[in-house]
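When a residue number appears, it is its place in the shown sequence, counting from 1. What you see is a predicted model, and the numbers here were worked out from it, not measured in a lab. Whatever order the structure lists ligands and atoms in, that order sets their numbers, starting from 1.
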Amino acid sequence: MNPFTAEETLKLPKHVAIIMDGNGRWAQARGKPRLFGHRNGVENVRSVVNTARELGIPYVTLYAFSQENQSRPVAEKSGLMKLLEEFLKLELKSMMKDGIRLRAIGDLDGLPPFAKKAVEETIEQTRGNKDWNLTLALNYGSRQEVISAVKSIIKSNDIKPEAFKWDDFSQHLQTKDLPDPDLIIRTSGEFRLSNFLLLQAAYAEIFVSPLHWPEFNRGAFIGSLKDYVHRERRFGKTHEQIASVT
Ligand code: FPP
């Protein structure tokens, strides 16, 4: 059943980006190893992706591994990479059936070769899919993305400083084919962006849930969307200006 009224449906975000935090704490609170939390986190990825598709939210981006996560213990990192590979292999069939296109942002060269291969193959195989868009941030860092964009602009040798605008810059970001996120959700009660889509989030609404990622279920996701659709996004304008066009 669609939990949104027709009016609320019109206001649903086009792009939701999620910082999936708290897998480790969730597992440790149950006396389990951290990887148990990541495994349950993957199950939750499936649930949230299905809910977003069902509601007609066309873009979801998930912060699956940050550049800073590279400093985690080797066993945790390799466990996470194996979960990623397993997820991509298991989901390929349904991604093709449901028209889901996979993209990745981040420095894939910093992933173990087997994980990089699984990501690149899935990106290639789903390239023609047009119905829905899943982006994984893998070995991603927003500051590093900005540095790469600046290098790419310098190399392009096509800069007219007086006329240079945000759109000229954003074309060099890895997110160039994605709309800016409308809503950024972070689980586990932490109020920070942790080097995730810093520039793209300029006008994003932010929702922080106290739940750890494995327990951020369909109901909690819908709750965050309900909160979002009742916010007023003013993009620097006044309430009166916004009210006069809606
Ligand atoms: C944060 O929890 C989560 C991560 C660093 C990894 C997120 C990855 C997944 C959910 C699985 C892989 C994703 C896909 C798409 C297959 P944390 O470990 O930082 O938790 P803590 O803050 O409680 O320690």
>> Just to confirm my output: which protein heavy-atom neighbour is closest to atom 20 (O) of ligand 1, and how far is it?
In response: Gly24 N, 3.1 Å
> For atom 14 (C) of ligand 1, which candidate among Val42, Asn44, Leu88, Ile18 provides the closest heavy atom?
Replying inline: Val42
>> Test of understanding: given a 4.0 Å heavy-atom threshold, classify the contact between Arg34 and ligand 1 as side chain, backbone, both, or neither.
In response: side chain
> Considering only heavy atoms from C-beta outward, does the side chain of Leu193 approach that of Leu198 to under 4.5 Å?
Replying inline: yes
> With atoms numbered from 1 as shown, which atoms in ligand 1 lie under 4.0 angstrom from a non-hydrogen atom of Phe87?
Replying inline: 16 (C)
> So which protein heavy atom does atom 5 (C) of ligand 1 come closest to, and at what separation?
Replying inline: Asn69 OD1, 3.5 Å
>> Counting only nitrogen or oxygen atoms and a 3.5 angstrom limit, does Gly22 reach ligand 1?
In response: yes
> Are a donor atom and an acceptor atom from the side chains of Gln200 and His15 found within less than 3.5 Å of each other?
Replying inline: no
> Would you say ligand 1 has an N or O under 3.5 Å from any N or O of Tyr63?
Replying inline: no
> Quick one: nearest non-hydrogen protein atom to atom 1 (C) of ligand 1, plus distance?
Replying inline: Met20 O, 3.0 Å
>> List ligand 1 atoms under 4.0 Å from Arg25, heavy atoms only on the residue side.
In response: 21 (P), 22 (O), 23 (O)
>> Could you check whether Lys89 pairs with Glu86 (Lys NZ or Arg NE/NH1/NH2 to Asp/Glu carboxylate O, under 4.0 Å)?
In response: no
> Is there a heavy atom in Arg72 that sits closer than 4.0 Å to ligand 1?
Replying inline: yes
>> Is the shortest side-chain heavy-atom distance between Ile154 and Val150 below 4.5 Å?
In response: yes
> Does a salt bridge link Glu43 with Arg46, judged by any charged N lying under 4.0 Å from a carboxylate O?
Replying inline: yes
> Can you tell me the protein heavy atom closest to atom 15 (C) of ligand 1 and the distance?
Replying inline: Leu136 CD2, 3.7 Å
> Less than 4.5 Å apart, any side-chain heavy atom of Arg143 and any of Ile147?
Replying inline: no
> In the protein, what heavy atom is nearest to atom 4 (C) of ligand 1, and what distance, to one decimal place, separates them?
Replying inline: His38 CE1, 3.9 Å
> Is the shortest distance from a Lys or Arg side-chain nitrogen in Asp182 or Lys14 to a carboxylate oxygen in the other one below 4.0 Å?
Replying inline: no
> Would you say Ser188 contacts ligand 1, with heavy atoms under 4.0 Å as the rule?
Replying inline: no
> In the protein, what heavy atom is nearest to atom 10 (C) of ligand 1, and what distance, to one decimal place, separates them?
Replying inline: Asn23 ND2, 3.4 Å
> What's the shortest distance from atom 8 (C) of ligand 1 to any protein heavy atom, and which residue and atom give it?
Replying inline: Ala64 O, 3.6 Å
> Is the gap between the ring centers of Phe36 and Trp26 under 6.0 Å?
Replying inline: yes
> Val16, Leu136: one ILVMFWY side-chain cluster at the under-4.5 Å cut-off?
Replying inline: yes
>> If the condition is side chain to side chain contact (heavy atoms under 4.5 Å, CB included), which residues does Glu68 pass it with, not counting sequence neighbours?
In response: Tyr63, Ser66, Gln144, Asn195
